[in-house]
Structures are given as C-alpha cells and as structure tokens.
Amino acid sequence: MKKKKRIKEIIIAVLFLLLINPGLFAQQHHFTIGSSQFLYDGKAIQIHSGEMHYPRIPEAYWRHRVQMAKAMGLNTIAVYCFWNFHNTSPGVWDFNSERHDVVKFIKICQEEGMFVILRPGPYVCAEWEFGGYPWWIQNNDKLVIRSNQPFLDSCKVYIQQLADQLINLQMTHGGPIILIQVENEFGSYMAQRNDILKEQHLQYYLSIKQMLQEAGFDVPMFTSDGDWLFENGAIPGVLPTANGEVNIEHLKKCVDAYSPGGPYMVAEYYPGWLDHWAEPFIRIEPEQTVNHIGQFLLHSISFNIYMVHGGTNFAFTSGANYNETYGIQPDITSYDYDAPISESGLATPKYMALRELMKKYTDDSLPGIPAPIPVITLPDIQLNEQVDFFEWKNTIIPVKNDTPLSFEQLGQGHGYVLYSKRFGQPLKGKMEVTGLRDYALVYINGIKIGELNRIYKTFGLDIDIPANGRLEILVENMGRINYGAEIPNNSKGIISPVTVDGVEIHGDWEMYNIPMDQAPEITSAKSEVKAGHPAIYSGTFQVEQPGDVFLDMHGWGKGIVFVNGYNLGRYWKVGPQQTLYLPGCWLQRGNNKVVIFEQQNDHSQTVLKTTDQAVLEELLIKKD
C-alpha cells in the first residue's frame with residue numbers, strides 16, 4: 001500500500017512539473033548565434049520569418065493564420081507583445097480573455113512547427129495605440145517615457161509579468177522562442193530626441209536589456225533599427241538587425257561594423273505599408289516583393305516579413321503618426337498592410353508568388369494552403385432601435401470643473417468625452433480649441449455648427465451663443481501617436497484652455513465620460529433621432545451558418561460598430577476604408593446583435609448592409 005501511495009505521489013509530482021514547465025521533458029534543442037550564421041542544434045539555419053500579432057487576429061483563427069504562413073514557406077513567426085493590451089488598468093493584467101492568451105498563441109506556433117521571435121518592447125511602434133504604452137502612465141508626472149527611473153520601474157513590472165508567462169516557452173526551456181528583441185528602433189528615438197543626453201539614452205537602453213535578462217529571458221538577443229542608425233541603435237554584444245534594408249552589400253557593411261561576419265538579418269522587410277484615414281491606401285506590387293525576398297534567399301540573408309498577415313485594429317487599438325503638415329495621421333481600422341495574407345486571412349497574389357519562390361529554397365515540400373474561412377453576405381440588417389445621443393447621455397453623471405479636463409485627468413483612456421457649458425450671457429466670436437486631441441463636433445443649443453479636426457490643424461470656428469445658451473463639444477480620441485519625438489505628449493481630449501477672441505472660457509464646465517468600452521445600451525427611453533445629432537442605432541439579425549462578413553459603411557458618417565459585444569473598430573466616410581471586417585467566429589447561429597454609434601449622423605439610418613469584399617481603396621476626401 002505504501003509503495004502504491006509513493007508511486008502516486010511521484011506521478012502527481014511529475015504532472016505538476018509538466019504543468020508549470022511543459023518543455024521539461026520535451027526534446028531539447030539549441031539555437032545560438034554563431035560567428036557568421038544562426039545555428040540550430042549546431043547546424044546553420046536561415047530564418048524565414050513572417051510577422052503577425054495575436055491581438056489583431058480573432059483567437060479562433062490563430063492556428064489558421066500560422067498554418068498560412070507555414071504553407072507560404074516560412075519557418076518562424078515574429079510577434080510583438082503590447083504592454084497596454086495586457087495591462088488594462090493599474091495593477092490589472094489580462095493574459096486569458098479573447099485574443100489575450102499569448103501563451104496559447106506561442107504554443108500554437110510550436111505545434112505547427114514554427115520558431116518564434118519575441119518582440120516585447122516595452123515600446124513597439126507597430127501602428128498600435130501609444131506604441132504599446134498604457135495610457136494611464138501619463139498621470140504620473142514624475143515619469144518620463146522612455147527615459148527616467150520611474151518609467152523604468154513601470155517597465156520592470158511589465159517585463160516581469162510577461163516573463164512569468166513566457167520564459168518556459170523559450171527554446172532553452174523546450175519552447176519555440178529562439179530570439180528576443182531589446183526595446184525597439186531605439187536608434188530612431190535617439191535621433192529624434194537629441195534634447196536628451198546620449199549617456200541618459202544609453203543608460204535607459206541598457207537597463208531594458210538587463211531587465212529582460214534578470215526576468216529570465218536567456219535566448220539570444222537582437223536589436224532592430226534602420227541600419228543608418230546603428231551608431232546609436234546597436235548594443236555591444238547584441239546582434240544588430242536592419243529594418244527596411246534591401247541593399248545587401250550595404251546591410252553587410254553596416255552589420256559588420258558591430259558584428260563582423262553577421263549573421264545578417266532584415267528584421268522588418270515591408271511587403272506593404274501602413275495606412276492613414278484620408279490618405280490613399282498603399283499598394284506594393286508582388287513583383288517587387290518577390291524580387292527582394294529572392295535576393296535575400298540567394299545571398300543567405302535571414303528576414304522577417306513585416307507583415308505577413310496584418311489583421312485588424314479592433315476597438316480603439318490603432319495608433320497614429322504626425323508630420324509637419326498634419327497634426328495627426330490616425331491609422332485606419334484595417335491593418336491589411338497589403339500583406340501576403342489579407343486582413344481576412346486570404347491568400348493574395350503576393351502570397352502565391354512568394355510561395356512559388358520559397359518552394360525553390362525549401363528541402364521539404366510545402367504543406368497545402370489551408371482552406372479559406374468562408375465569406376458570407378447577410379440580408380439588410382434592420383436597425384429597429386435608435387436613440388438620440390443627447391438624450392442617451394443624460395444617464396451619465398458629468399464631472400464638473402472650472403476648466404476642461406483631459407481624458408487622462410478624467411480617468412478615461414479611449415473613446416469620447418462630451419464637454420458642455422451653459423452661458424448666462426450671449427457670447428459671439430472666434431472660438432479656439434488649440435488643445436483639441438483629436439476630432440470634435442460642436443453644437444450650440446443642440447444645433448451642429450461645425451467640426452474641429454487635429455488632422456488639418458482646424459482648431460477654431462465662429463460661434464454665436466445666445467443668452468442661457470449651451471455649448472457642447474463632442475471630442476474623440478483617434479489614437480495616440482506611436483512613433484517619433486511626440487510619443488511622450490499623448491494626452492487626449494481638450495488639453496489646454498478654450499478661448500473666444502483670445503479670452504479663456506472657464507467656470508462650470510461639465511464633462512461626460514463616454515469610453516465606449518462596451519456596447520452602449522438603448523433603454524426603454526428611446527427618442528427620435530435628429531439629423532445632425534449623434535445617434536445610437538441597434539438591430540438584430542439571424543445567421544444560419546456563420547462566416548466572415550464585411551459591413552458596408554457607405555452612406556454612414558463616422559463612428560464605431562459593435563457586433564455581439566465586440567468592438568469592430570472605427571469607420572469614417574473619408575476613406576480609404578469603407579468596410580469593417582466582422583470575423584465569422586464572432587457570429588453565432590440564430591440571433592445576433594449590432595450596435596452602431598454614429599457621430600455625424602447627417603441623415604437618419606434604417607439599415608446596415610454587408611458585402612463579401614473588403615473595400616480599402618476608396619478615398620472620398622483628401623487632406624489638402
């Protein structure tokens with residue numbers, strides 16, 4: 001009896017060890033960086049990688065997308081981890097809910113026979129909101145982003161949380177992770193922020209490397225920058241890799257200055273490019289991509305295709321750029337990127353051409369291309385419920401203050417805030433909201449008088465408020481800047497005084513928090529929708545056999561769409577995107593529900609249409 005009990009205890013102990021370290025008894029492999037080559041179990045290997053991001057793909061489709069990459073001839077998946085996606089509020093971490101289970105994603109990669117390159121940030125860029133930083137760190141006035149010790153202290157918490165999830169998935173522990181990146185494009189940031197001493201930059205950079213090591217990341221490390229920025233972006237003893245380089249001789253020359261003999265890798269090769277609202281969708285011809293990848297293969301250059309599959313910026317996850325002309329350049333909801341695998345997971349002509357190329361450089365035959373996810377259309381969805389926004393917002397208790405408060409000061413990260421103020425005396429003049437971040441509709445006594453738009457740097461308009469009149473400004477956060485020197489300046493809402501003819505308007509401002517972190521409810525207190533007023537529409541629809549759907553947003557103005565509680569992201573009539581991707585795995589047989597928050601609402605809506613094609617290249621308004 002004692003012997004049986006002892007055997008049982010041993011079995012339980014072994015199962016426990018497997019649970020906490022699933023690679024413990026797996027066949028142990030080794031990945032190292034040699035003097036001139038990457039080595040897998042001591043043999044030279046080329047990394048043929050494609051990037052995809054698990055938060056941009058419905059969880060039910062993760063395996064399909066990884067299989068698509070493998071069938072194209074790749075052997076590695078590169079993946080960013082987004083700090084703000086997992087650290088949803090101070091002290092709150094999510095590694096379990098829909099699209100958050102990074103462990104599951106990486107295990108799927110391993111099960112499909114793929115290596116993994118981990119890119120943990122903390123800064124990631126990636127056209128992702130705030131470059132991956134949590135919005136609420138801006139409320140700590142002692143913290144200097146990408147610089148000082150209070151910021152590093154926050155980074156350490158994130159890195160340790162991520163390490164707790166992933167260290168046992170490194171190849172050194174039986175997992176598929178072969179490489180880990182230190183920070184991201186830091187050479188670029190040093191060039192952009194020459195107001196910070198180089199020694200201070202370097203101290204921060206090396207601190208991130210040390211944190212990763214102390215947290216338990218022990219696979220080889222690399223940095224990633226434009227190769228003209230290696231002087232600041234390279235770290236002694238860490239392999240430098242290049243972004244966007246297609247001149248092989250120049251790549252070798254730059255890498256050799258820091259890591260003689262390589263190995264050589266283009267960590268971001270771009271088969272497409274990012275896209276902004278009100279700008280043309282960017283296409284890159286398949287022939288160009290095939291030519292570049294062909295040269296990499298011919299000269300044994302490792303590469304990572306950024307992106308092999310882009311996916312979707314669901315909800316409020318899209319980031320933004322800026323330049324001297326435009327105050328902000330918000331990214332569209334689709335992250336299709338003109339990648340080989342389309343937003344909805346289809347094999348494009350670029351994919352097929354690359355697959356044919358890769359066949360020539362693969363010892364084994366490539367697996368078959370996975371069957372595509374079915375695409376369906378639906379009968380017109382009747383929007384039988386509606387409510388006027390100004391009626392609906394009366395259920396919200398406003399915050400009152402002498403001056404407008406930013407989103408961050410109001411404890412809100414995303415969505416909208418309605419700023420409202422009543423005037424006892426008439427007021428006429430030029431109103432300026434120079435601190436607008438980012439887009440606003442302006443109303444006087446419920447009548448829309450215009451819009452303000454940070455894109456065009458349109459911050460002012462004439463107002464004429466009668467006695468006892470009410471001014472209302474509905475402000476939308478269109479995504480925090482994710483690249484460049486302006487990253488630390490990412491507060492949203494109204495962040496500086498509102499003036500009329502140069503005089504500050506203060507006293508008795510009311511602010512309504514409208515985060516839209518879940519689908520708004522239309523209660524029994526429905527009201528007639530008025531043209532020009534924001535509105536909430538809702539309808540139910542039946543589905544017999546779920547499949548992927550594209551919502552056709554032609555005829556709508558600007559807003560967001562929820563289906564069965566999932567925020568599909570923003571739409572905007574300016575284009576170039578005119579459809580929203582609705583994954584079939586988020587539909588259910590039988591009854592489904594759609595809720596739309598339409599901001600502009602120039603005319604009332606009664607139906608929502610669908611189509612079986614993404615419309616991403618229909619630009620209706622250009623930024624002049």
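Values below: all heavy atoms of this structure, side chains included; hydrogens, waters and symmetry mates excluded.
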Give a yes or no on whether the ring-centroid distance for F597 and Y416 is below 6.0 angstrom. yes
Test item: [X] side-chain N/O and [Y] main-chain N/O as donor-acceptor pair under 3.5 Å:
| X | Y | answer |
| --- | --- | --- |
| Q28 | M171 | yes |
| N313 | I332 | yes |
| T317 | F314 | yes |
| H201 | R193 | yes |
| H53 | C81 | no |
| E343 | Y335 | no |
| Y158 | P120 | yes |

Angle class for the [X]/[Y] ring planes (parallel below 30°, perpendicular above 60°, tilted otherwise)?
| X | Y | value |
| --- | --- | --- |
| Y54 | F105 | tilted |
| W128 | F85 | perpendicular |
| W83 | F151 | tilted |
| F82 | Y80 | tilted |
| H100 | H86 | perpendicular |

Checking side chain to side chain contact (heavy atoms under 4.5 Å, CB included) for the pair C155/I208: CA distance, chi angles, key distance, verdict? CA-CA 8 Å; C155 292; I208 294 297; 4.1 Å; yes
Can you tell me if [atom1] on [X] sees more than 12 non-hydrogen neighbours from other groups inside 6.0 Å?
| X | atom1 | answer |
| --- | --- | --- |
| K156 | NZ | no |
| Q149 | CD | yes |
| Q588 | CD | yes |

How far apart are the C-alpha atoms of E245 and Y269, what are their side-chain angles, what is the distance that settles it, and do they pass the side-chain hydrogen bond (donor to acceptor under 3.5 Å, both in side chains) test? CA-CA 7 Å; E245 186 58 81; Y269 170 75; over 6 Å; no
Can a side-chain donor-acceptor contact be found between [Y] and [X] if the only test is distance below 3.5 angstrom?
| X | Y | result |
| --- | --- | --- |
| D548 | S344 | no |
| D517 | H414 | no |
| H29 | D41 | yes |
| R437 | S491 | no |
| Y483 | E185 | no |

Examine R146 relative to Y189 and say whether NZ or CZ is less than 6.0 Å from the centre of the six-membered ring and inside a 45° cone about the ring axis. yes
Can you see which heavy atom on A71 is nearest to which on P367, and at what distance? CB-O, 3.6 Å
Set out, in order, the CA-CA distance, both residues' side-chain angles and the distance that settles side-chain hydrogen bond (donor to acceptor under 3.5 Å, both in side chains) for D94 and T88, then state yes or no. CA-CA 7 Å; D94 184 358; T88 53; over 6 Å; no
Tell me which one of E486, E129, E127 satisfies salt bridge (Lys or Arg N to Asp or Glu O under 4.0 Å) with R480. E129
After noting the C-alpha distance and the side-chain angles of N304 and E51, does the key distance pass the side-chain hydrogen bond (donor to acceptor under 3.5 Å, both in side chains) rule? CA-CA 7 Å; N304 173 46; E51 184 128 358; 2.8 Å; yes
Flag the pair M52 / I77 as yes when at least one side-chain heavy-atom distance between them is below 4.5 Å, and no otherwise. yes
Counting C-beta onward and ignoring hydrogens, is there a side-chain heavy-atom pair between P583 and Y581 closer than 4.5 Å? yes
Sequence neighbours excluded - salt bridge (Lys or Arg N to Asp or Glu O under 4.0 Å) pairs with any residue from residues 260-277: R119-E268
Please determine if R570 and E476 form a salt bridge, counting it only when a charged side-chain N lies under 4.0 Å from a carboxylate O. yes
Side chains of residues 219-230: which donor-acceptor pairs under 3.5 Å do they make with residues two or more places apart or in other chains?
from, atom 1, to, atom 2, distance (Å)
S224, OG, N243, OD1, 2.6
S224, OG, N243, ND2, 3.2
D225, OD1, G187, N, 3.3
D225, OD1, S188, N, 3.3
D225, OD2, F186, N, 3.4
D225, OD2, G187, N, 2.9
D227, OD2, H250, ND1, 3.4

List the steps and the verdict of salt bridge (Lys or Arg N to Asp or Glu O under 4.0 Å) for R63 and E112. CA-CA 8 Å; R63 189 177 299 275; E112 296 300 328; 2.7 Å; yes
